[in-house]
Peer 1: 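Below is the structure I would like to discuss, written out as structure tokens.
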Amino acid sequence: MQMSKKTFLLSLFLVVNKAGARTEDYQNFLWEPYDKSAITYADEVIIDDSASSNISITFPNSGSWRVLASSCNGSWTGKRKSNYRYWLQYKNEWIKDSSGLVYKLEDLSGWDVSYSDPVPGYVTVVSVNTYGEHTMSTCWPVGFVAKFYPGIAIPHFKAKIVVERSAAYPGKYNLKVPFWWGYEENKGEGDTPFIGWRQFGFILAQQQPSYVDVPVTITSKCNFNTSPINLSHGIMSGRESDGSQTKPYNLNVTCTPGTSLSVKLLGTQKVSGKTDNYTQCGTGGMCELTFDNGKYDETMTIDNSKTLSIKSTYRLNDIAKPVAESFEGSGVLQVLVN
């Protein structure tokens, strides 16, 4: 019996289940307060000789906003999962205020470092995300102004403010601290690489800042006369001028008992091969600045008061070749409370 051969064709169909595919319907906006003159205030800051203190700033609950960034895709109807948060930006460098104080901000608390691309010269942070479900809106264009109150309150900004000691004279100051801040509104799911929230830090930095008035009081454990110290060598003769000393200038320093004080004399025109308390005095010599019989860099404990006896000693560059001239030298008395 002859067998017949049959060929069977099996068709395979690949079924793709799209149920788990990512939805690409989203709206991502960054808003800034339209009225930047709205009241923003900070608690008074008292800074002692430690040169730092904590700062707490309250931002206003703005009811008018302008679109800084807009990124949309897909369908904009119905309710979608949403998240909202605030963005905040400040300089990460020393800032010289018009009052004369030099300061910087450190050690932020209560906000998270942004996951966006870092912006050179700035610290960019965000508040904790708030999640919910909201109706999709129109894709608002950049520059559009709307009146609304965000559904979440902006948290307090808390950080450490550090002042540069050399510019921190005791007294009352009012710092105008620049900040950049905005409100992110994100509806739906999905995004587009390189746009949207990833660029919010750069967009914020391009705007005009809001300024926060921060009242600062500088105090010190020590008090002393900050007027210029004048030391005169008078008229000196030839080789006899070498080793000539000025009349001492007595500076009285009064401190809280037990205060540790570091005192240093620094010449403003350094002399090669000499310690920092030497300064150039004309072309023929140099001046050695000291206090209390030869000291120039000393840390001491003040129980109540201390008198520093400051003087200058003239040294010829070459004792065999004195130079007839008039000269001036200068230096800095550095007093730091530890």
Side-chain angles (χ1 to χ4, degrees), residues 28-38 40-43 45 47 50-60 62 65-71 84-129 142-143 154-168 173-186 191-216 218:
N28 190 202
F29 306 114
L30 177 65
W31 304 81
E32 72 165 352
Y34 183 67
D35 182 9
K36 293 190 176 183
S37 63
T40 303
Y41 64 91
D43 296 336
V45 177
I47 300 177
S50 64
S52 67
S53 184
N54 293 331
I55 182 175
S56 178
I57 295 176
T58 302
F59 291 89
S62 179
W65 300 82
R66 183 174 72 91
V67 177
L68 287 183
S70 176
S71 178
Y84 302 86
R85 61 184 177 179
Y86 287 95
W87 286 66
L88 181 64
Q89 199 171 65
Y90 61 95
K91 291 289 188 70
N92 66 349
E93 57 192 23
W94 289 100
I95 300 174
K96 185 173 183 179
D97 187 74
S98 59
S99 65
L101 278 185
V102 179
Y103 70 93
K104 64 179 178 179
L105 301 178
E106 293 181 348
D107 299 340
L108 179 72
S109 62
W111 294 64
D112 296 326
V113 175
S114 168
Y115 294 105
S116 67
D117 294 332
V119 182
Y122 297 82
V123 174
T124 305
V125 293
V126 292
S127 65
V128 176
N129 256 319
V142 172
I154 184 169
H156 292 289
F157 171 81
K158 296 181 179 180
K160 178 190 290 185
I161 183 169
V162 181
V163 298
E164 191 177 78
R165 285 189 175 194
S166 61
Y173 300 82
N174 188 59
L175 295 182
K176 288 193 173 296
V177 182
F179 284 97
W180 293 257
W181 65 289
Y183 172 66
E184 178 186 359
E185 186 180 22
N186 189 22
D191 59 21
T192 303
F194 312 116
I195 65 173
W197 63 270
R198 291 178 175 82
Q199 293 298 308
F200 284 178
F202 289 96
I203 293 170
L204 273 178
Q206 294 171 7
Q207 311 307 312
Q208 291 296 317
S210 298
Y211 287 92
V212 178
D213 290 334
V214 181
V216 176
I218 304 291

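Along the sequence shown, residues are numbered consecutively beginning with 1. Worth knowing before you read on, the calculation uses all heavy atoms, side chains too, and leaves out hydrogens, waters and symmetry mates. Please read these numbers as outputs of a predicted model, since none were measured by experiment.
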Peer 1: Please list, chain by chain and in numerical order, all residues satisfying ring-ring contact (aromatic ring centres under 6.0 Å, His included) with Tyr173, sequence neighbours excluded.
Peer 2: none
Peer 1: Measure centre to centre between the rings of Phe179 and Phe59, then say whether the value is under 6.0 Å.
Peer 2: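 Yes, the ring of Phe179 comes within the 6.0 Å limit of the ring of Phe59, centre to centre.
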Peer 1: What are the two closest non-hydrogen atoms of Ser127 and Trp111, and how far apart are they?
Peer 2: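 Distance-wise, the nearest heavy atoms are N-CE3, 3.3 Å.
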Peer 1: Please step through side chain to side chain contact (heavy atoms under 4.5 Å, CB included) for the pair Leu105 and Val177, ending with a clear verdict.
Peer 2: CA-CA 10 Å; Leu105 301 178; Val177 182; 4.2 Å; yes
Peer 1: How many angstroms lie between CG in Asn174 and OG in Ser98, if you round to the nearest 0.5 Å?
Peer 2: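 Asn174 atom CG to Ser98 atom OG measures 8.5 Å (nearest 0.5 Å).
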Peer 1: What about the rings of Phe157 and Trp181, do their centers lie closer together than 6.0 Å?
Peer 2: no
Peer 1: For side chain to side chain contact (heavy atoms under 4.5 Å, CB included), just list the numbers for Leu30 and Glu32, CA-CA rounded to whole Å, side-chain angles, deciding distance to a tenth of an Å, and then say yes or no.
Peer 2: CA-CA 7 Å; Leu30 177 65; Glu32 72 165 352; over 6 Å; no
Peer 1: Before giving the answer on side chain to side chain contact (heavy atoms under 4.5 Å, CB included), spell out for Asn186 and Trp197 the whole-Å C-alpha distance, their side-chain angles and the decisive distance to 0.1 Å.
Peer 2: CA-CA 9 Å; Asn186 189 22; Trp197 63 270; 5.6 Å; no
Peer 1: Quick check: does any side chain N or O of Gln89 sit under 3.5 Å from a backbone N or O of Gly201, one acting as donor and the other as acceptor?
Peer 2: yes
Peer 1: Can you tell me if Gln208 has over 12 outside heavy atoms packed within less than 6.0 Å of its CD?
Peer 2: no
Peer 1: With rounding to the nearest 0.5 angstrom, report the CD1 to OG1 distance, Ile154 to Thr58.
Peer 2: 9.5 Å
Peer 1: Please give me the minimum heavy-atom distance between Arg66 and Gly143, naming the atom from each residue.
Peer 2: CG-O, 3.7 Å
Peer 1: Over all heavy atoms of both residues, which pair between Trp65 and Tyr86 is shortest? Give the atoms and the distance, please.
Peer 2: CH2-CE2, 4.1 Å
Peer 1: Taking all non-hydrogen atoms of both residues, which atom of Val162 and which atom of Lys160 are closest, and how far apart?
Peer 2: CG2-CD, 3.8 Å
Peer 1: When rounded to the nearest 0.5 angstrom, what distance separates CH2 in Trp31 from CD in Glu184?
Peer 2: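 It is 13.0 Å, given to the nearest 0.5 Å.
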Peer 1: Could you give me the CA-CA distance, side-chain angles and deciding distance for Lys176 and Asp213, then say whether side chain to side chain contact (heavy atoms under 4.5 Å, CB included) is met?
Peer 2: CA-CA 5 Å; Lys176 288 193 173 296; Asp213 290 334; 2.7 Å; yes
Peer 1: Taking atom NZ of Lys104 and atom CD1 of Ile161, what is their separation to the nearest 0.5 Å?
Peer 2: 12.0 Å
Peer 1: Is the shortest heavy-atom distance from the side chain of Leu175 to the side chain of Ser99 under 4.5 Å?
Peer 2: yes
Peer 1: Please report the shortest heavy-atom distance between Ala168 and Val163, naming the atom on each side.
Peer 2: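 Shortest heavy-atom contact: CB-CG2, 4.0 Å.
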Peer 1: Identify the heavy atoms of Val113 and Val125 that sit nearest to each other, and give their distance.
Peer 2: CA-CG1, 4.0 Å
Peer 1: Working to the nearest 0.5 Å, report the span between OG1 of Thr124 and CG of Asp112.
Peer 2: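 Between atom OG1 of Thr124 and atom CG of Asp112 there are 13.0 Å.
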Peer 1: Hey, what do you get for CZ (Arg198) to CG (Asn28), rounding to the nearest 0.5 Å?
Peer 2: 9.5 Å
Peer 1: Does atom NZ (Lys158) have a neighbourhood of more than 12 heavy atoms from anything else shown, all under 6.0 Å?
Peer 2: no
Peer 1: Please say which of Tyr122, Phe202, Tyr90 ends up in a ring pair (Phe, Tyr, Trp, His ring centres under 6.0 Å) with Trp180.
Peer 2: Tyr122
